[in-house]
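Note that these values count all heavy atoms, side chains included, but never hydrogens, waters or copies made by symmetry. Note on naming: letters A, B, ... go to the chains in the order of the sequence lines (proteins, then strands), and numbering restarts at 1 for each one.
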Amino acid sequence: MDFIRAIINDHMKTGRFDGRVHTRFPPEPNGYLHIGHAKSICLNFNIAADYNGLCNLRMDDTNPVKEEVEYVESIMQDVRWLGYDWDDRMFYASDYFDQLYDCAVELIRRGKAYVCDQSAEEMRQYRGTLTEPGRESPWRGRSIEENLDLFARMRAGEFADGEKTLRAKIDMASPNLNMRDPVIYRILHTSHHRTGDKWCIYPMYDFTHCLSDSIERITHSICTLEFEDHRPLYDWFLDELGVYHPQQIEFARLNLTYTVMSKRMLLQLVQQKLVSGWDDPRMPTISGMRRRGYTPESIRNFCERIGVAKNDSIVDVELLEFCVREDLNLKAPRRMAVLNPLKVVIENYPEGKAEEFEIPNHPDNPAMGSRKVPFSRTVYIERDDFMEDPPAKFFRLAPGREVRLRGAYFITCTGVVRDAKTGEITELVCTYDPATRGGDSPDGRKVKGTLHWVSAEHGIEAEVRLYDRLFTVPNPAGDGEGRDFTEYLNPQSLVTLKSCRLEPSLKSAAPGCTYQFERQGYFCADEKDSAEGSPVFNRTSTLRDSWAKIEKGGDRTKQKADPAKQAPKKVSGPRIDLGDFEKIDLRVGLVREVSLVEGSSKLLRLMVDVGEGRLRQIFAGVRPAYREPDDLLGKKVVVVANLKDREMRFGKSEGMILAAGEGSRMGVVTLDGDPKPGDRIS
RNA sequence: UGGGGGAUCGUUCAACGGUAGGACAGCGGACUCUGACUCCGUCGAUCUAGGUUCGAAUCCUAGUCCCCCAGCCA
């Protein structure tokens, strides 16, 4: 039981709301809903259900400048998709504009609100600071009659945007800044997506929200932590007006590792086209996750498991991944798909022959039936499933090794065909054992590996998109280094594979359908890009992969063996693993100019020719090692060429050069021989 | 330095004066026609210092650290 239900239980005992529970989910239609909203949606709707109450859907649409119908439509769709129903209780704060206006007039009548002529800038200055009280506005003392008149004229459109505001008359010296005469109405000559041009004044959140809750007879107004400071104001409006008074309760919003959750940042990703849109499968939006293949059940389950509390927290995205796998494992029919095909010719299988195997759709659920999978002399297997010189724990295919082709035959690798020029393996030659038809061996002999496969002749070719985390660091929004979150975008977050081979039954996969590609993961036919007869698949999630862990584990034991590498090292910025080294683009650079950097004892400014027809400016911290900077002139150095430019105090640095050592014993790595600037080093 | 919150395994949520528990992750093992699933085992935490008490994560005192607030955004 969470603390919110504990509070509600208490209310049930004391009878504060006559045993009634009525919540609401109040999004502002200025963006798409994300997984953080899902937490709130689940909370509000589930609590209502648990207590036999109701939950309203309400658009908090008081700022026409930012809001759009597109968003309200997507919000409704997403909430419905998650499995929640608001019946006929779809509301808009804008539905209450008339009542809200009357409440504001009433506040004026009670001497609790006034029309203020201060500009935004003046108001800011008068507000004071965190430690100093504010000063009262010179307009604070206007008579009730004058305020009434002015407010009516604000409504009538007599004033320009920003010329006047209506403010609550509370306390300019309050330690809570929200209570320093907050604005409750502002002038905005903007038409509203629902009320059109009826209004040119719009109420502010604090005023609108509590009254909307009150009008809807909400009992528990559940919101996020940052509104905790607003609760006194929430209570103030309701008390001053003497109306029905719900209880506001705040909980910690959801944060997830390896993603961002703020609407501002998500909007930025969309607008800068860093993703394909709000529903890009890498986005933490509900629509993105839907397109990625997440199920509503898995999301609801996730929201249940993360719990509700008031601690700022950042939930490990692995829990989310666990939740989809858990759900999809039960629901997804199994299929075979070779993502990275390697041709296998089965020498002793008759040419031109083909047969079909009946393979179950789910190993643990016979009720899901089976499908026929054609087999022939030439099949594709996964490139990763073959190693010419396998390490100890590898138990897939290798020269001389026998493995099972799932549901088909045992095969043994007898030969390797490679490209004459590149040496790349282009094909495997194998033999099969006809006695193992169906994948069982009559003599009881075991094979360690079972591989998925697709018949070359029968399989279909398709595009498969491998999605991964959008960011490379757990908390891109708050790395503490003041870097922009987009610097941490994961370049591998989308890998598109164009020539995958899928078993023929997948040809008719309907958009939105999810399958488990055995030994690979869960994949969902894309809703947008699939065409009749040629599906495009999105990877929802990989399967757990203990082989990948074993491979990584090898590195770890090596590290342990070398105590020198155990030295604690302070690493700032993104974590780097071995795989990242493959991404580094090292190029030969010719040093054309060297100069000292004023104001730095460590840096040299190098102008380096990297074969691009222009010189790159690179700041290198190698000054201590080169008393005569000109020594570097004309040297060929190693440049890391694919780094993001770094803005330094002295200018832009467009790369790094490799150097080693420390202090004056440091040296830049230089190259002899005749490599040309721009040559790749690998 | 004003006000409002928060601090429990790596992460997250519980325990409300009485054995610190679950989930995810990790590690080890069993099983396996998916190195999946499943099953079993295991590691592992009360911010610090005092105090009250037979007994403190919980109550008290004093600190420390983290988050939020100075929009005519929500």
In whole angstrom, give me the gap between the [atom1] atoms of [N] and [M].
N	M	atom1	value
B:rG44	B:rG10	C1'	9 Å
B:rC59	B:rC54	C1'	16 Å
B:rC60	B:rA70	C1'	35 Å
B:rC13	B:rC69	C1'	27 Å
B:rA14	B:rG21	C1'	7 Å
B:rC47	B:rC65	P	16 Å
B:rG26	B:rG63	C1'	35 Å
B:rG2	B:rU19	P	40 Å

Assign [X] to base, sugar-phosphate, or nothing according to its heavy-atom contacts below 4.0 angstrom with the strands shown.
X	result
A:Ala309	sugar-phosphate
A:Thr62	sugar-phosphate
A:Pro363	base
A:Leu451	nothing
A:Phe395	base
A:Glu163	nothing
A:Lys263	nothing
A:Asp440	base

* Output field: ring centroids A:Phe227/A:Tyr234 closer than 6.0 Å -> no
* **Aromatic ring proximity A:Phe97/A:His192, centre distance under 6.0 Å** => yes
* Of A:Lys310 and A:Glu132, whose closest RNA chain B nucleotide lies nearer the 5' terminus? -> A:Glu132
* Asked: Side-chain N or O of A:Asn311 less than 4.0 angstrom from OP1 or OP2 on B:rG6?
  -> no
* To do: May I ask you to evaluate whether A:Ser313 reaches the phosphate of B:rC13, defined as a side-chain N or O under 4.0 Å from OP1 or OP2?
  => yes
So does [X] reach the base of [N] with its side chain, donor to acceptor, closer than 3.5 Å?
X	N	answer
A:Asp229	B:rG3	yes
A:Gln516	B:rU34	yes
A:Arg334	B:rU34	yes
A:Arg124	B:rG71	no

* Asked: Taking A:Lys39 for the side chain and A:Ala252 for the main chain, is one N or O donor matched with an acceptor at less than 3.5 Å?
  -> yes
* To do: Taking only the side-chain heavy atoms of A:Glu226 (C-beta and beyond), determine which of B:rC73, B:rA36, B:rC68 contains the nearest atom.
  => B:rC68
* To do: Compare the aromatic ring of A:Trp547 with the six-membered base ring of B:rG35 and state whether they stack according to the 5.5 Å and 30° rule.
  => yes
* Structure fact -> Base-paired stretches in RNA chain B with three or more consecutive Watson-Crick or G-U pairs, both distances under 3.5 Å, amount to B:2-7 with B:64-69, B:10-13 with B:21-24, B:26-30 with B:38-42, B:47-51 with B:59-63
* State whether A:Glu216 and A:Arg58 are salt-bridged, where the test is any N-O pair (Lys NZ or Arg NE/NH1/NH2 against Asp/Glu carboxylate O) under 4.0 Å. => yes
* To do: Using a strict 4.0 Å threshold on nitrogen-to-oxygen distance, state whether A:Arg140 and A:Asp181 make a salt bridge.
  => yes
* To do: Check A:Phe151, A:Tyr202, A:Trp199 against A:Tyr185 for a ring pair (Phe, Tyr, Trp, His ring centres under 6.0 Å) and give me the one that passes.
  => A:Phe151
* A:Glu226 and A:Thr224: side chain donor to acceptor below 3.5 Å -> yes
Kindly list each side-chain donor-acceptor pair under 3.5 angstrom involving residues 310-317 of chain A, sequence neighbours excluded, with atom names and distances?
| residue | atom | partner | partner atom | Å |
| --- | --- | --- | --- | --- |
| A:Lys310 | NZ | A:Glu228 | OE2 | 2.4 |
| A:Asp316 | OD1 | A:Glu318 | N | 3.1 |

* Expressed in angstrom and rounded to an integer, what is the separation of A:Asn365 atom CG from B:rC37 atom P? -> 17 Å
